[in-house]
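Here is the structure we will look at, set down as structure tokens.
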Amino acid sequence: MPAKLMQRDKQIMNDIKKGIQYAFQTSNNMTLAMSGSGHTAMECAVFNIVEPGESVLVAINGIWGERVAEIAERMGAKVHTLFKTPGGHFTNAEIEQALAKHKPVLFFLTHGESSAGLVHPMDGVGDICHKYNCLLLVDSVASLGAAPILMDQQNIDILYTGSQKALNAPPGTAPVSFSERACHKMFNRKTKPVSYLLDMTHLSNYWGNDGKPERIYHHTGPVSGFFALRESLAIIAEMGLENSWSHHTEIAEYLWKGLEDLGLKLFIKDKDLRLPSVTTIAIPEGYDWKELLAYIMKHHRIEFTGGLGPSVGMVLRIGLMGYNCNKANAAMVLAALEDALKQCRKSKA
């Protein structure tokens, strides 16, 4: 007989589910944590919702849209894209026009595009998707807990995040939630998902979401990771989402002002579109960005990074999120940058 989950395991998983529901601001029953990074939840969503040959629309304004487009293409979907250079965002009119043209079953949008430091407006997007009988999939890995996102209110059908950003937990678990509309599409498909591990017909039972009295062993989950995720969700619930959002914004604004005082240009010009957890700086003229990063690491033991995917060579990125999001760390960042700008001047441009 298949092994059943222990009562203690079930209670921890139930606690995690409630914590994700709060963090996502959703009442969706089909809420769980994937065993893996944010990419696992990304693949889980695409593999379970989309069948080979179906139309998918992907908004690409950074690396995460690129990844979803490739995942959908690999499993046989007809992939269409909306494209902006890093830092650009999509208007609701542009999204609606593309939905009307391509008639996709799924539309993907990144809420927190960490490769460009942009937080994307979400209001109205879910309503437009539903008008065209399309499901909305949103990536909030870099934004959840740092910038407002309201799954039910904004009519998001599938939302996922990662454990290691503003949630403060170690990497390796990925919260995800599916609306009833998404579940109807997912559980009435003609073909099986291409992945056994990520098949929601099994995972829904594993997490106690299918209404069956017994929860059967499916795979060995990251037990230590689940314990940590449970605690991180409890911490954010105690702090309160609104307080977490405002705290990240306060520290980000302190950092932004300090960067501008140093004469640096923020990559995202519109303050309302800046991702509070990941700040991007346009590479200052006359500097080799790799040399700046190497100097800061060597002399200040602080790790910045350059761009990611399409933003490589365009930006420097500074992550201040979760536990490390405080003014003392922001001040250290500013001091390190000021020193590097003095010492690395007239390097290879």
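Here the structure is a predicted model, which is why all the values come from computation and not from measurement.
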Under 6.0 Å from the [atom1] atom of [X], do we count more than 12 heavy atoms belonging to anything else shown?
X      : atom1 : value
Gln153 : CD    : no
Gln97  : CD    : no
His299 : NE2   : yes

Side-chain donor/acceptor of [X] to backbone N/O of [Y], under 3.5 Å:
X      : Y      : value
Asn61  : Gly88  : yes
Tyr287 : Leu341 : yes
Ser195 : Leu198 : yes
Lys192 : Asp199 : no
Thr161 : Ser140 : yes
Asp152 : Ser27  : yes
Ser311 : Ser115 : yes

For His111 and Ser143, what are the C-alpha separation, side-chain angles and deciding distance, and is it a side-chain hydrogen bond (donor to acceptor under 3.5 Å, both in side chains)?
CA-CA 7 Å; His111 181 235; Ser143 59; 2.7 Å; yes
If you compare all heavy atoms of [X] against all heavy atoms of [Y], which two are closest, and at what distance to 0.1 Å?
X      : Y      : answer
Pro276 : Ala146 : CG-O, 3.7 Å
Ile302 : Val333 : CD1-N, 4.4 Å
Glu113 : Gly65  : OE1-N, 4.3 Å
Leu167 : Pro175 : CD1-CG, 4.4 Å
Leu32  : Ile20  : O-CD1, 3.3 Å
Lys271 : Glu253 : CE-OE2, 3.0 Å

Output field: ring centroids Trp207/Phe226 closer than 6.0 Å:
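That pair passes the under 6.0 Å test.
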Could you tell me whether [X] and [Y] have a side-chain N and a carboxylate O separated by less than 4.0 Å?
X      : Y      : value
Glu96  : Lys131 : yes
Glu54  : Lys185 : yes
Asp261 : Lys257 : yes

Give, for atom [atom1] of [X] and atom [atom2] of [Y], the distance between the pair rounded to the nearest 0.5 Å.
X      : Y      : atom1 : atom2 : result
Asn209 : Leu203 : CG    : CG    : 9.5 Å
Ile268 : Leu273 : CD1   : CG    : 7.0 Å
Ile60  : Thr85  : CD1   : OG1   : 12.5 Å
Leu136 : Leu57  : CG    : CG    : 10.5 Å
Met332 : Leu337 : CE    : CG    : 12.5 Å
Tyr160 : Leu144 : OH    : CG    : 12.5 Å

Any side-chain heavy atom of [X] within less than 4.5 Å of one from [Y]?
X      : Y      : result
Val176 : Leu159 : no
Phe187 : Ser204 : yes
Asp288 : Cys344 : no
Asp139 : Met42  : yes
Thr31  : Ile16  : no
Thr110 : Val138 : no
Ile149 : Ile156 : yes
Leu109 : His120 : yes

One pair to check against side-chain hydrogen bond (donor to acceptor under 3.5 Å, both in side chains): Gln21 and Thr26. What are the steps and the verdict?
CA-CA 5 Å; Gln21 287 173 325; Thr26 184; over 6 Å; no
So, [X] and [Y]: side-chain donor and acceptor under 3.5 Å apart, yes or no?
X      : Y      : answer
Asn329 : Asn324 : no
Asn28  : Glu180 : no
Ser232 : Asn168 : no

Step-by-step side chain to side chain contact (heavy atoms under 4.5 Å, CB included) determination, His300 to Asp339
CA-CA 9 Å; His300 295 272; Asp339 183 36; 2.8 Å; yes
With sequence neighbours left out, what residues match Phe304 under ring-ring contact (aromatic ring centres under 6.0 Å, His included)?
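By the ring-ring contact (aromatic ring centres under 6.0 Å, His included) rule, Phe304 matches no residue at all.
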Kindly write out the residues that satisfy ring-ring contact (aromatic ring centres under 6.0 Å, His included) with His202, not counting sequence neighbours, or none if the list is empty.
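Testing His202 for ring-ring contact (aromatic ring centres under 6.0 Å, His included), a comparison that skips the adjacent residues, returns Tyr196, His218.
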Excluding sequence neighbours, so at least two apart, what forms side chain to side chain donor-acceptor pair (under 3.5 Å) with Lys78?
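Result, side chain to side chain donor-acceptor pair (under 3.5 Å) vs Lys78: none returned.
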I would like to know whether Val58 and Val56 meet side chain to side chain contact (heavy atoms under 4.5 Å, CB included); could you show each step before the answer?
CA-CA 7 Å; Val58 180; Val56 173; 3.9 Å; yes
Any pair with a residue in residues 61-73 that passes salt bridge (charged side-chain N to carboxylate O under 4.0 Å, His left out), sequence neighbours left out, goes on the list, sorted by first then second residue, please.
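For residues 61-73: Glu70-Arg74.
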For the pair Leu137 and Val46, evaluate side chain to side chain contact (heavy atoms under 4.5 Å, CB included) and give the outcome as yes or no after the intermediate values.
CA-CA 9 Å; Leu137 167 62; Val46 175; 4.2 Å; yes
Ile95/Leu82 under side chain to side chain contact (heavy atoms under 4.5 Å, CB included): CA gap, chis, key distance, verdict
CA-CA 8 Å; Ile95 292 169; Leu82 272 175; 4.2 Å; yes
Name all pairs fulfilling the ring-ring contact (aromatic ring centres under 6.0 Å, His included) condition that reach into residues 12-52, sequence neighbours left out, sorted by first residue then second.
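Passing the test, one end in residues 12-52: His39-Trp64.
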With Pro104 as reference, evaluate Val50, Leu135, Leu99, Val79 under the side-chain contact (heavy atoms from CB on, under 4.5 Å) test and give the passing residue.
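Of the listed residues Val50, Leu135, Leu99, Val79, the side-chain contact (heavy atoms from CB on, under 4.5 Å) partner of Pro104 is Leu99.
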Any chance you could lay out the side-chain hydrogen bond (donor to acceptor under 3.5 Å, both in side chains) test for Asp123 and Gln154, step after step, and finish with the verdict?
CA-CA 6 Å; Asp123 288 345; Gln154 293 172 322; 3.0 Å; yes
Would you please classify the geometry between the His219 ring and the Tyr206 ring as parallel, tilted or perpendicular, with 30° and 60° separating the classes?
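Rings of Tyr206 and His219: tilted, 30 to 60°.
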Name all residues meeting the side-chain contact (heavy atoms from CB on, under 4.5 Å) criterion together with Asn133; count only those two or more places apart in sequence or in a different chain, and write none if there are none.
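If we apply the side-chain contact (heavy atoms from CB on, under 4.5 Å) test to Asn133, skipping adjacent residues, the hits are Arg181.
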